[in-house]
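Excluded from the calculations below are hydrogen atoms, water molecules and symmetry mates; all remaining heavy atoms, backbone and side chain alike, are included. In each ligand, atom 1 is the first atom listed, and ligand 1 is the first ligand listed. Along the sequence shown, the residues carry numbers beginning at 1.
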Amino acid sequence: MKSSEALFARAVKVLPGGVNSPVRACGNVGMTPRFIARAKGAHLWDVECRRYIDYVGSWGPMILGHDFPEVTEAVQAAVKNGLSFGAPCEAEVRMAELMCALVPGLEMVRMVSSGTEAVMSALRVARGATGRSKIIKFAGNYHGHCDAMLVKAGSGALTGGRPDSLGVTPGAAGDTLTANYNDLESVRSLLSAHPGEVAAIIVEPVAANMGVVPPEPGFLEGLRRLCDESGALLIFDEVITGFRLALGGAQEFFGVRADLVTFGKIIGGGMPVGAYGGKRALMELVAPCGGVYQAGTLSGNPVAMAAGLAQLRHLRDHAELYDELSKRGAYLAQCLRVLGERTQVPVQVNQIGSLLTVFFTEAPVTNFQGACASDLDRFGRWYRGLLERGIYTAPSQFEALFLSAAHTEEDFSRTLEAAEETLRQLRR
Ligand code: HOZ
C-alpha cells in the first residue's frame with residue numbers, strides 16, 4: 001500500500017521541500033504532509049485510506065464541499081469540448097456577467113489564473129490610473145507572492161518565519177509601505193509622509209492570512225475616507241472573502257465600496273482561477289482597451305469557467321447558505337471557547353461567517369502583533385492532536401479554517417470531541 005511518508009521521501013528529492021506550496025509541507029507543525037487521494041463532501045481520504053473531516057477546503061474554494069454534483073458535471077461537460085482554446089469562449093462572458101451582477105460596484109472584470117496574478121495586475125492598474133508609485137499594505141496581510149507584496153507578508157511567508165522574502169530587490173519592495181491592520185492612524189501617517197505618492201491601499205477586508213482577524217468597526221470605512229481624501233485607490237483583496245463572506249463579498253457584508261477588487265480560487269470552484277475588476281473607467285485602462293498591459297493564455301479557460309459558473313450560480317440561487325454558514329461558524333467558535341474554559345487552555349477564537357482561527361493566547365487578537373503572540377508550540381500540538389483524531393485543519397497558526405455547506409452536525413460533534421481531547425492534552 002502507498003504511504004504518505006514514502007511519497008514524501010520521493011517528493012523531497014524532486015520538489016523543493018517536497019511540495020508545490022510551502023505551508024502544506026507541515027514542517028512548522030513538526031510533521032510530514034498527508035498525501036490526499038480523494039475528497040467528497042466535507043471529507044478527505046489520504047493514500048492510506050484514512051478519512052478526515054476537512055476544514056481546509058482547498059484553502060477556501062470548496063464552499064459547497066468536494067465533488068459537488070453541479071460543479072463536477074459542468075466540468076465533465078466542458079472537458080468534452082476541449083481543454084483550452086487560447087481564444088474567447090462564451091463561458092467567460094457569462095462568468096463576467098454573473099460576477100458583475102453579484103458584486104457591488106463591479107462593472108468590468110478580467111479573468112486570470114490565480115490570486116497572485118489578480119493582485120499584481122490590480123496594483124498595475126492602480127499605478128497606471130493614478131500615475132503614482134507607492135502602495136500601502138498591512139503587516140500580516142497576504143496578497144500572493146508578487147515581489148512588491150512579499151513585505152511583512154502573512155500566510156506561508158509568516159509560517160516559515162520569513163515575512164520578507166529573499167530575492168526581492170530593494171527596487172521592487174521600495175514602493176511598498178506597511179501599516180498596521182485595524183490602525184487607521186498608522187495609515188494616516190504614511191499618507192502624510194508621502195503626499196501625492198500613494199497609488200493604492202490594498203487590504204484583506206477580513207485578514208485571514210495571519211489567522212482570521214476581522215476588521216474593527218470603522219476600520220474599512222476609515223480606509224475608504226483616507227483614500228478619498230488622498231486620491232489613492234482602495235483595493236479589497238477578496239481572494240478569501242469573495243463569495244464566502246456574502247454573495248457580494250466583503251463589500252456587501254460591510255457596506256464599504258472598494259475601487260478595485262481581486263478574486264481567487266473560489267470563483268473556479270476548485271479549478272485554478274483568479275480575477276480582478278472594478279469600475280469601467282479603471283478597467284478600461286487594461287490592454288487592449290488601454291495602456292496597462294496584462295495577458296494570459298489560460299485566462300478565461302473554458303473548463304475553469306464552467307466550474308466557476310456552476311459554483312457561483314448555485315451560490316446565487318441558494319444565498320440562504322450564507323446565513324446558515326455564519327450560524328454554524330458562530331456555533332463552532334462558541335463551543336471551542338467553552339472547551340478552552342473547561343480545559344483551562346487559554347484560547348482566542350476569532351470567527352466571522354464561515355472563517356475561523358483558534359489562537360493560543362490570553363489577549364484578544366486584533367492585529368499582526370496579537371497573532372504573533374500565539375503559542376506556536378501549543379498550536380503544533382493542537383494541529384497534530386486534531387489530525388490524529390481525523391480532523392484536517394490548516395497546518396499553520398497563520399491561516400483560516402473554512403466551513404463548507406457539506407459539513408454536518410455529526411462532523412461538528414466529532415470535531416468538538418476531538419478538540420476537547422486535544423485541549424486536555426495541551427494542558428500538560
Ligand atoms: N498559503 C496559501 C493559503 N493562504 C496556500 C497554501 C497551499 O495551498 O498550500
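Close contacts of ligand 1 with Asn209, meaning ligand atoms under 4.0 Å from a residue heavy atom, involve 4 (N). Which parts of ligand 1 touch Val23 is read off a 4.0 Å heavy-atom cut-off, strictly below it: atoms 1 (N).
When hydrogens are left out, the protein atom nearest atom 8 (O) of ligand 1 is Arg24 NH2, 2.8 Å; that is the closest non-hydrogen contact. Looking at atom 3 (C) of ligand 1, its nearest protein heavy atom turns out to be Glu399 OE1, 3.4 Å. Residue, atom and distance of the protein heavy atom nearest to atom 5 (C) of ligand 1 are Ser21 OG, 4.0 Å. If you check which protein heavy atom lies closest to atom 7 (C) of ligand 1, you get Trp59 NE1, 3.2 Å.
The distance criterion of under 3.5 Å between nitrogen or oxygen atoms is not met by Lys265 with respect to ligand 1. Note: an N/O pair closer than 3.5 Å links Ser155 and ligand 1 by distance alone.
For residues 47-56, the pairs satisfying salt bridge (Lys or Arg N to Asp or Glu O under 4.0 Å) are Asp46-Arg50, Glu48-Arg50, with sequence neighbours left out. Contacts classified as ring-ring contact (aromatic ring centres under 6.0 Å, His included) and involving residues 240-264 (residues at least two apart or in different chains) are given here: Phe243-Phe263.
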For salt bridge (Lys or Arg N to Asp or Glu O under 4.0 Å), just list the numbers for Asp175 and Arg132, CA-CA rounded to whole Å, side-chain angles, deciding distance to a tenth of an Å, and then say yes or no.
CA-CA 10 Å; Asp175 283 325; Arg132 301 172 177 187; over 6 Å; no
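Put simply, NZ on Lys134 and CG on Leu191 are 12.5 Å apart, with the number rounded to the nearest 0.5 Å. The CZ atom of Arg384 sits 11.5 Å away from atom OG1 of Thr393, with the distance rounded to the nearest 0.5 Å.
A salt bridge is absent between Glu97 and Arg94; no separation between the charged side-chain nitrogens and carboxylate oxygens falls under 4.0 Å. Residues Arg24 and Glu399 are not paired through a salt bridge, judged by the lack of any N-O separation under 4.0 Å between the basic side chain and the carboxylate.
Neither the backbone nor the side chain of Val19 comes within contact range of ligand 1; no heavy atom lies under 4.0 Å.
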